[in-house]
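What follows is one structure encoded as structure tokens, with my remarks underneath.
Bear in mind the structure is a predicted one, so any value in this text is a computation, not a measurement. A, B, ... follow the sequence lines: proteins, then strands. Residue 1 opens every chain.
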Amino acid sequence: MIARASKLFLPTLRDDPADAEAVNHKLLVRGGFVRQVTGGVWTFLPLGWRVHRKVEQIIREEMDAIGTQEMLMPVLTPFELWQQTGRDYIPELFRLKDRKGAEYVLPMTHEETVAFHARELQSYRQLPQMLYHFSIKERDEPRPGKGLIRLREFIMKDAYSFDRDEEGLAKSFDLQRGAYNRIFDRLGLEVYGVEAESGMMGGKESFDFLAPTGAGENTLVRCENGDFAADLEIARGVARPPVFPETLLSTEEVETPDVRTCEALADFLSIDVAATSKAMPVTTDDGMVVLALVRGDDRIEPAKLDAALGKPSRPATDDEIRAAFGASGGSLGPVGFKGEVVADETLRHGQFVAGANKDGWHLLGVEAGRDFQPRFADLRASHEGDICPVCGGKLQFETAIEVGHIFKLGTRYSAPLGANFVDEDGQEKPLIMGSYGIGPARVIAATVEQRNDENGIIWPASIAPYDVHIVVVKGAEEVGEQAAAVLDAAGFDVLLDDRDQRPGEKFADADLIGIPIRITAGKKSLEDEAVDVKDRATGAERRVNVADLGKELG
RNA sequence: CGGGACGUAGCUCAGCCUGGUAGAGCGCUGCCUUUGGGAGGCAGAAGCCGUCGGUUCGAAUCCGACCGUCCCGACCA
């Protein structure tokens with residue numbers, strides 16, 4: 001196939017768009033791949049859509065290869081289905097009414113709809129089943145942005161598995177996980193599969209696929225020795241051991257005027273900040289004030305705290321703190337507090353300095369179990385300097401894009417929607433479900449974030465919009481056409497830049513667009529019926545006879 | 001939802017403080033010239049200065065509200 005640049009809708013830009021910060025945003029807009037219509041809502045222009053379809057095709061092939069069947073479910077969905085699963089409250093859910101007043105949602109994912117169809121699976125003899133589709137998802141995100149990373153409307157491949165039991169689900173899950181690894185491999189993306197939080201999807205186990213990039217919304221924690229990787233939200237790094245002061249037989253009050261932070265406290269007392277404790281009072285959604293306690297050098301990871309509490313929480317207000325502690329922030333501690341105390345595992349052993357619940361005073365030698373009775377949980381956010389739980393190596397932190405997420409759902413959707421089957425024993429049981437999502441737009445964003453230089457994008461061959469970009473310099477039109485014809489006959493997709501532009505502009509556009517192979521047809525090579533072939537990634541250039549192009553690039 | 005920045009031609013921006021005929025570069029149209037890394041010349045087209053309201057003889061400019069975009073935070077399958 002030969003596409004002529006002179007005929008394409010391919011609006012490249014010389015400058016970065018003013019409102020772009022993320023690299024993927026800048027380069028995809030400048031390269032004429034995409035345009036934003038409104039916040040978080042984008043059009044894929046012809047060039048960008050070619051990339052999108054290539055990404056889809058790789059996903060499609062790997063889904064098909066493990067027996068997942070492609071279908072298509074609608075966007076417009078009865079609200080009732082979401083009421084039945086109790087997901088009708090989700091703030092990100094777009095809702096609308098038709099002219100008769102009937103209510104609909106624009107779904108953010110299709111568990112409800114696919115479970116609705118799965119009601120037609122009636123016997124264990126029909127299991128397992130795996131279904132998928134590519135379809136538009138709608139999410140009323142409070143803060144869309146960062147180019148194609150956080151969108152309000154996007155296409156997702158979502159697959160669903162249906163099994164008779166947990167064992168079957170484990171097999172389906174492994175099949176999908178294997179397919180995901182092959183997909184990311186073919187996409188040329190650096191991706192790490194890690195344990196993850198399930199969030200509002202429910203279910204028991206989930207696995208995130210994180211692509212480390214310059215822009216992103218997740219943090220990938222990795223051991224320098226490559227034996228540990230996790231999402232920061234659940235990463236369990238090992239904190240360094242504190243240097244404790246002398247052990248005390250009982251707590252001692254100490255006056256600490258104007259000390260507001262743990263660092264200041266440690267300075268004031270001349271002790272290791274890791275030997276202090278940090279109190280964070282939170283209010284749960286049922287109105288209880290709970291004291292969360294971590295080491296002075298740690299920060300609380302809210303996702304972990306909520307998981308430990310089993311319910312959402314928010315920082316307590318000043319009034320709530322006064323009422324519960326009789327002191328204000330900066331001097332709070334667990335000793336004497338009447339409510340529940342949840343302490344991080346790092347506080348299990350040793351004596352720490354804690355607030356005395358008296359403004360301007362702290363307690364020395366506070367010991368869990370002796371001076372207060374906490375419930376222990378993993379609350380602390382891992383941070384740089386933590387130690388790998390596997391090998392003791394150093395943990396490294398990287399910003400990452402979540403490009404895929406797979407879940408073991410169990411009966412979370414099948415039970416409320418009545419998607420049951422009759423098992424071998426004659427009993428009716430809910431289907432055991434899994435769901436498996438991947439967003440091509442995020443794949444594209446992550447690819448651009450990972451593969452670019454100061455001149456533009458460097459696509460991997462597997463998803464490049466075209467295979468070869470031919471730059472025709474004035475006077476070499478004939479050779480350019482010949483080269484295009486030879487490559488076309490050899491099965492390559494060719495972008496032929498036949499525009500009436502100066503060569504510099506064409507080279508700049510070629511670098512920006514980032515097709516892996518650039519061919520220049522110009523006077524330099526004209527006399528020997530040859531062209532210059534340049535590798536976008538390495539910059540290596542060589543001269544090839546037009547007749548040999550098919551063989552040389554094959 | 002909190003904090004911040006911004007909104008003027010297709011794009012990137014100046015003008016605003018100190019109110020008085022709306023500007024530049026790039027791009028676009030025509031012609032000339034040039035052609036292996038975003039050339040040059042001549043001539044042109046192109047903007048309801050985000051919207052609404054207020055102040056004023058007069059508002060891109062001052063004031064207010066709203067809308068939109070981007071960033072940080074909260075939130076997030």
For this session: Any pair with a residue in residues 532-541 of chain A that passes side chain to side chain donor-acceptor pair (under 3.5 Å), sequence neighbours left out, goes on the list, sorted by first then second residue, please.
Result: Asp453(A)-Arg536(A), Asp532(A)-Arg543(A), Asp535(A)-Thr538(A)
Exercise. Can you tell me if Thr447(A) uses its side chain to pair, donor with acceptor, with the backbone of Ala445(A) under 3.5 Å?
Worked result: no
Exercise. With both distances kept under 3.5 Å, what pairs with rC75(B), Watson-Crick or G-U wobble?
Worked result: none
Exercise. If you pin Asp16(A) and Ala521(A) to their nearest nucleotides in RNA chain B, which one's is more 5'?
Worked result: Asp16(A)
Exercise. Tyr89(A) OH to rC75(B) P: how many Å, rounded?
Worked result: 14 Å
For this session: Sort out the partner of rU29(B) for me: Watson-Crick or G-U wobble, both distances under 3.5 Å, none otherwise.
Result: rA43(B)
Problem set entry | Whole-Å P distance, rG73(B) and rG50(B) | 30 Å
Seminar exercise, completed: Contact check, residues 75-82 of chain A vs RNA chain B, heavy-atom distance under 4.0 Å, returns none
For this session: Let me know the distance between CZ of Phe407(A) and P of rC76(B), rounded to the nearest Å.
Result: 13 Å
Detail all sub-3.5 Å separations between protein N/O atoms and N/O atoms belonging to nucleotides 22-29 of chain B.
none

For this session: Measure the acute angle between the ring planes of His133(A) and Tyr160(A), then classify it against the limits of 30° and 60° as parallel, tilted or perpendicular.
Result: tilted
Seminar exercise, completed: Residue pairs meeting side chain to side chain donor-acceptor pair (under 3.5 Å), one or both in residues 502-512 of chain A, sequence neighbours left out, come to Thr12(A)-Asp509(A), Arg499(A)-Asp509(A)
Problem set entry | Atom pair distance, as rounded to whole Å: CD1 in Ile149(A) and P in rC76(B) | 19 Å
For this session: Verify the neighbour count for atom CD of Glu478(A): are there more than 12 heavy atoms of other residues, nucleotides or ligands below 6.0 Å?
Result: no
For this session: Give the intermediate values and the outcome of side chain to side chain contact (heavy atoms under 4.5 Å, CB included) for residues Met156(A) and Thr109(A).
Result: CA-CA 8 Å; Met156(A) 180 162 91; Thr109(A) 177; 4.0 Å; yes
Exercise. Reckon Phe207(A) touches a base, only the sugar-phosphate, or nothing at all at heavy-atom distances under 4.0 Å?
Worked result: nothing
Seminar exercise, completed: Nearest heavy-atom approach of Leu332(A) to Pro281(A) is CD1-CG, 3.5 Å
For this session: Please list residues of residues 506-519 of chain A whose heavy atoms come under 4.0 Å from any atom in RNA chain B, ordered by number; otherwise none.
Result: Phe507(A), Ala508(A), Asp509(A), Asp511(A), Arg518(A)
Could you list all N or O pairs between the protein and nucleotides 69-71 of chain B that sit under 3.5 Å apart?
| residue | atom | partner | partner atom | Å |
| --- | --- | --- | --- | --- |
| rU69(B) | OP1 | Thr38(A) | OG1 | 2.8 |
| rU69(B) | OP1 | Gly39(A) | N | 2.6 |
| rU69(B) | O2' | Asp19(A) | OD2 | 3.3 |
| rC70(B) | OP1 | Gln36(A) | OE1 | 3.3 |
| rC70(B) | OP1 | Gln36(A) | NE2 | 3.0 |
| rC71(B) | OP1 | Lys146(A) | N | 3.3 |

Exercise. How long is the line joining NZ of Lys523(A) and P of rG37(B), in whole Å?
Worked result: 12 Å
For this session: Could you work out the separation of rA45(B) and rU51(B) based on their C1' atoms and round it to a whole Å?
Result: 27 Å
Problem set entry | Atom-to-atom span, NE2 of His405(A) to P of rC76(B) - whole angstrom | 14 Å
Exercise. When rounded to the nearest Å, what value does the distance between C1' atoms of rA60(B) and rC17(B) take?
Worked result: 14 Å
Exercise. What do you reckon, are the aromatic ring centroids of Phe33(A) and Trp459(A) less than 6.0 Å apart?
Worked result: yes
For this session: Scan for side chain to side chain donor-acceptor pair (under 3.5 Å) pairs involving residues 26-35 of chain A, sequence neighbours excluded, and state none if there are none.
Result: none
Exercise. If you measure from CD on Gln176(A) to CD1 on Ile406(A), what distance do you get to the nearest 0.5 Å?
Worked result: 7.5 Å
Problem set entry | Among Lys146(A), Glu449(A), Arg442(A), Gln450(A), side chain to side chain donor-acceptor pair (under 3.5 Å) partner for Asn24(A) | Glu449(A)
Exercise. With distance as the sole test, does Lys278(A) use its side chain to make a donor-acceptor pair with the main-chain N or O of Leu293(A) at under 3.5 Å?
Worked result: no
Exercise. Rounded to the Å, how far apart are Lys474(A) NZ and rU34(B) C1'?
Worked result: 10 Å
For this session: Would you mind classifying the nucleic acid contact of Pro17(A) as base, sugar-phosphate or nothing, using non-hydrogen atoms under 4.0 angstrom?
Result: sugar-phosphate
Exercise. So Phe397(A) and Leu220(A), side chain to side chain contact (heavy atoms under 4.5 Å, CB included) or not? Walk me through it.
Worked result: CA-CA 6 Å; Phe397(A) 286 53; Leu220(A) 172 65; over 6 Å; no
Exercise. Looking only at atom C1', what distance separates rC49(B) and rG30(B), rounded to whole Å?
Worked result: 29 Å
Problem set entry | Between rG47(B) and rG4(B) - P atom distance, rounded Å | 36 Å
Exercise. Leu93(A) has an atom CG; how far is it from atom C1' of rC76(B), in whole Å?
Worked result: 14 Å
Problem set entry | Distance-only donor-acceptor test (3.5 Å): side chain Lys534(A), base rG37(B) | yes
Problem set entry | Criterion side chain to side chain contact (heavy atoms under 4.5 Å, CB included) on Ile59(A) and Tyr132(A), from CA distance to verdict | CA-CA 11 Å; Ile59(A) 297 167; Tyr132(A) 78 100; 5.6 Å; no
Exercise. Is NZ or CZ of Lys408(A) both nearer than 6.0 Å to the six-membered ring centre of Phe173(A) and within 45° of the ring axis?
Worked result: yes
For this session: List in chain and number order the residues that pass side-chain contact (heavy atoms from CB on, under 4.5 Å) with Val290(A), two or more places apart in sequence or in another chain; answer none if no residue qualifies.
Result: Val282(A), Thr284(A), Leu309(A), Glu340(A), Val342(A)
Exercise. Is the CE atom of Met73(A) crowded by more than 12 outside heavy atoms at less than 6.0 Å?
Worked result: yes
Problem set entry | Ion pair check, Lys157(A) and Glu56(A), cut-off under 4.0 Å | no
Problem set entry | For rG23(B), the Watson-Crick or wobble partner whose two distances fall under 3.5 Å | rC13(B)
Exercise. Considering only rU12(B), rC76(B), rG36(B), which nucleotide approaches the side chain of Glu141(A) most closely?
Worked result: rC76(B)
Exercise. Over how many whole Å does the gap from Asp140(A) atom CG to rC75(B) atom C1' extend?
Worked result: 12 Å
Using a cutoff of under 3.5 Å, can you pull out all pairs of nitrogen or oxygen atoms linking the protein to nucleotides 45-52 of chain B, with atom names and distances?
none

Seminar exercise, completed: Under a 3.5 Å limit on both distances, the Watson-Crick or wobble mate of rC67(B) is rG7(B)
Seminar exercise, completed: Residue set satisfying side-chain contact (heavy atoms from CB on, under 4.5 Å) with Ala324(A), at least two apart, ordered chain then number -> Val289(A), Phe337(A)
Exercise. Taking only residues two or more places apart in sequence or in another chain, which ones pass ring-ring contact (aromatic ring centres under 6.0 Å, His included) with Tyr180(A)?
Worked result: Phe209(A)
Exercise. Do any N or O atoms from the side chain of His469(A) and from the backbone of Gly514(A) form a donor-acceptor pair under 3.5 angstrom?
Worked result: no
For this session: Tell me the partner of rC62(B), counting only Watson-Crick (N1-N3 plus N6-O4 or O6-N4) or G-U wobble (N1-O2 and O6-N3) with both under 3.5 Å; none if nothing fits.
Result: rG54(B)
N/O contacts under 3.5 Å, protein versus nucleotides 3-9 of chain B?
none

